[in-house]
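Below is one structure, written out as structure tokens; the observations come after it.
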Protein chains: 2
Amino acid sequence: MLRLSKLTDYATVILSFMARDNAQMHAAMEIASITGIALPTVSKILKLLVNAKILISTRGAKGGYELARTPTEISIAAVISALEGPIALTECSISQQGCEQASGCEIRGNWNLINQTIHNALESVTLADMIRPTRSQDLAWKQEVLIPVASLYR
Amino acid sequence: MLRLSKLTDYATVILSFMARDNAQMHAAMEIASITGIALPTVSKILKLLVNAKILISTRGAKGGYELARTPTEISIAAVISALEGPIALTECSISQQGCEQASGCEIRGNWNLINQTIHNALESVTLADMIRPTRSQDLAWKQEVLIPVASLYR
DNA sequence: TTAAATAGTACTAGAATAGTCCTCAATTAT
DNA sequence: ATAATTGAGGACTATTCTAGTACTATTTAA
């Protein structure tokens, strides 16, 4: 569930490669051969990332792509919305009339809270975090996970 | 992004209707006419929820569906995984060899952390929360949103 | 026994994704 | 200047996934 598209997945791979050797310019073809993702697909992704101002492109010979900001300043949320549009779990947007007729739709407001919560969580993770080594043993953080929606009603 | 399927959306509508008038048995047809969702679709969803032990079904005349637990004991995470399978953003699962060849795949562990974080957030929201009135004005909770992955590295 | 209701499964149409390709524009090096 | 390199932009296709439907079997109450 909660699928991200493959393209988004690729984007994180590409970006974390770029983050690791910083301050460098990389041509699309170079990135394609290093990551093993087909060139046209890499190109497509890079273009989307440029439009989202996550990357800066330089045309012409010796051109290429580079990060627009430092890895600590690029959030995963930004990457995801660059590739998939605004972050939202539901598209309850299907005509408000329909929702008023149907009985269940006071829910919508609560979905929005959940969306916000997840968005904030993704906002707090940066590219810099992604390229750090994993310590899956270390589960101390679990205790820190919050219950934001429930807390609304205290 | 982060799309949930329409079916999952419907499921929350159906379940919150059922949660509101508790302890009652509801036939699929009744639910269909009240929610405005087509009967075959409602049936499909109800069956999935039964398989996930979120609902209990009773066959035969006077049969129907009822909640298997109280609304406070049914998490949104459970509903989502009932409809869409395990909660995971990426399906990096595409052959580990492929990932070792490509340069970017130390990322996977970090994705798992993000998945876990989101899973925990969804686990903390229950059906009971969903049927409460929304107070979108009240944004106090925003201050409480955490930075779980970053905290891993302190 | 009959009617009401769910269980299970298979199928179809439509939409969304992934992936590719082609032409234009810009920059550098010769 | 001119050629080579590289990105920009858009159009297009095939495949996969989802939503929705239909049909048959099974169970239970009256």
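By convention in this document, chain letters (A, B, ...) are assigned in the order of the sequence lines, proteins followed by strands, and residues within each chain are numbered from 1. We use all heavy atoms of the structure for the numbers below, so side chains are in, but hydrogens, waters and symmetry mates are not.
- Residue B:E30 contributes atom CD, which lies 16 Å from atom P of C:dA4 at whole-angstrom precision.
- Rounding to whole angstrom units, CG of residue B:L39 and C1' of C:dA4 are separated by 13 Å.
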### Query
Yes or no on side-chain contact (heavy atoms from CB on, under 4.5 Å) for A:V125 and A:M130, after CA distance, side-chain angles and deciding distance?
CA-CA 8 Å; A:V125 184; A:M130 294 299 276; 4.3 Å; yes

### Verdict with supporting geometry, A:T126 and A:I74, side-chain contact (heavy atoms from CB on, under 4.5 Å)
CA-CA 5 Å; A:T126 71; A:I74 298 177; 5.9 Å; no

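- The separation between B:I31 atom CD1 and C:dA4 atom C1' is 15 Å, rounded to whole Å.
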### Summary
Whether each nucleotide of nucleotides 5-18 of chain D has a protein heavy atom under 4.0 Å at its base (B), only at its sugar-phosphate (S) or at neither (-) is summarised, 5' to 3', as BBSBB--------S

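- A donor-acceptor pair under 3.5 Å is absent between the side-chain atoms of A:R59 and the main chain of A:G64, judged by distance alone.
- Distance, A:I37 CD1 to C:dA18 C1': 12 Å, rounded to whole Å.
- If you measure from atom CD1 of B:I56 to atom C1' of C:dA7, you get 16 Å, rounded to the nearest angstrom.
- The backbone N or O of A:I31 lies less than 3.5 Å from a partner atom in the side chain of A:T35, making a donor-acceptor pair.
- At whole-Å resolution of the value, CD1 in A:I45 and C1' in C:dT17 are 12 Å apart.
- Across all their heavy atoms, A:L127 and A:A19 have their closest contact at CD1-CB, 4.0 Å.
- Formation of a donor-acceptor pair under 3.5 Å by the A:T8 side chain with backbone atoms of A:L4 is not found in this model.
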